[in-house]
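Presented below is the structure to which this report refers.
Whatever order the structure lists them in is the order used to number ligands and atoms, beginning at 1.
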Amino acid sequence: MVDGSGLRNADLDSALAEAREAYVARNPKSLARFIEAASVMPGGNTRSVLFHAPFPLGLARGEGAHLYDLDGARYIDFLGEYTAGIYGHSHPVIRRAVEAALDGGINLGGHTMLEARFARAVSERFGLDLVRFTNSGTEANLMALASAAAVTGQRTVLAFHGAYHGGVFTFAGGGSPVNAPYDFVLARYNDGPGTVAAIEAHAGKLASVIVEPMMGGGGCIPAEPEFLASLIAAAHAAGAIAIFDEVMTSRLAPGGLAGKYGLRPDLVTLGKYIGGGMSCGAFGGCAALLGRFDPRRADALPHAGTFNNNVLTMSAGIAGLTEIYTKEAAEALNARGEALRIRLNALCHQHGAPMQFTGIGSMMTAHFTSTPIRAPEDWAKADPRLKELFFFDLLAAGFWIARRGMINLSLMTGDAECERLAEAVEEFLQARHPLLAVAAAGT
Ligand code: PMP
């Protein structure tokens, strides 16, 4: 295919091949680590999202806003551990909280004063009547869906195409063979009438509707508040439980996105940064539902987990939410992210590139299309090679972002770091302008 500038589609392939070769040449120790790891772990991997061809970078350490790879290169961390790393890598308050927990001894096998304090901080912040803790966001969603199934006696769950709710709740490409065994019905994100119709069609048989109020892993696609409100109302009319997965999005406003939009889902799930950077998840919401887990009840639902109240997470989580990521800090971080996204989009526009950054506040994702994005289907047709090129170019320039184009601010990425990212994106737009034009012509 030849476009107006005379460049061929193959030029994009060769630019990508060059970027990959340069990456391989720069990272011999990462390659050695990968080969060694692959002899004891399938694909050298224990967390699918971290793999990318030809091999992922090995990291040596992190400090403040920076990461260092095994070959000694330094990166500004604009991934923020997929939203969990809001506190940076060595926040003194988190360190003190973890040390205080260690001082008191870990693995006590009983209650401490910490878990109710953490529960109070979480429930007050996110408007939950009651809350319970888990070890991950996946587990929080497992428990939320299980609660809904238990109280409704049904096993059908409505979720959205392209959504991600954990390792066993993956809906990109229609689903995953390792998804938890529910009967899933998938609707199109931000399609209010279609979603309401799908809920009505399953009325009486539906256990729950699960939605992220902004799709995170699905490409940082904000939900329209009316869509969310109609979905809650339709779920209730159909006798189903409305679940907001705020594992990622709770950081986007002082009370999460449900708080920001004034919505009251029956259940909310949390995770990521919420435990101060330690393993953590939580599910909470209305007393009628959460009360079912009260062990004093004859018909109590069980919810077990050796590490659910582990003191490292409880202590770091309290410190994080009450001393560092306060409501004011959340407002400020998201204002910084909002300004950065607006600036990056202005650069894309200025350079006439088929590129945009979607998101809210401190979370955003780069997409290589000019089409407005309201659902993952809207970006899925873009040329995937551009995302890969963007990733390798940013790595070469010293920026750590997700291979899929996700960028998250942390409390360590201040104005200076955002300025440098904007410069790097502008360099990419200038250097790759002809290739972006080829891709635009091809779509
Ligand atoms: N829900 C959402 C929206 C997520 O983004 C994630 C993790 N990326 C999860 C659930 C699962 O959380 P975890 O990785 O802690 O199991």
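Between F118 and F133, the ring-plane angle classifies as parallel under the 30° and 60° cut-offs. Ring pair Y189/F227 is perpendicular by interplanar angle, where above 60° counts as perpendicular and below 30° as parallel.
Here F293 and F283 bring their ring centres to under 6.0 angstrom of each other. For an aromatic pair to be called close, the ring centres must be under 6.0 Å apart, and F357 with H367 fails this. Checked against the 6.0 Å centroid criterion, the rings of F392 and F428 do not qualify as a close aromatic pair. Taking the six-membered ring for Trp and the full ring otherwise, Y164 and F171 have centroids separated by 6.0 Å or more.
Taking a 4.0 Å cut-off on heavy atoms, Y82 fails to register as neighbouring ligand 1.
In terms of protein heavy-atom proximity, atom 3 (C) of ligand 1 is nearest to E212 OE2, 3.0 Å. Protein heavy atom closest to atom 16 (O) of ligand 1, with residue, atom name and distance, is T138 OG1, 2.5 Å.
Distances between N or O atoms of K272 and those of ligand 1 include at least one value under 3.5 Å. Ligand 1 has an N or O atom lying under 3.5 Å from an N or O atom of G137, backbone or side chain.
Under 4.0 Å from ligand 1, the heavy atoms of N141 that appear belong solely to its side chain. Contact annotation for D245 and ligand 1: only side-chain heavy atoms (C-beta onward) come within less than 4.0 Å of the ligand. Residue E139 does not touch ligand 1, judged by heavy-atom distances below 4.0 Å.
Less than 4.0 angstrom separates some heavy atom of M248 from each of these atoms of ligand 1: 5 (O), 8 (N).
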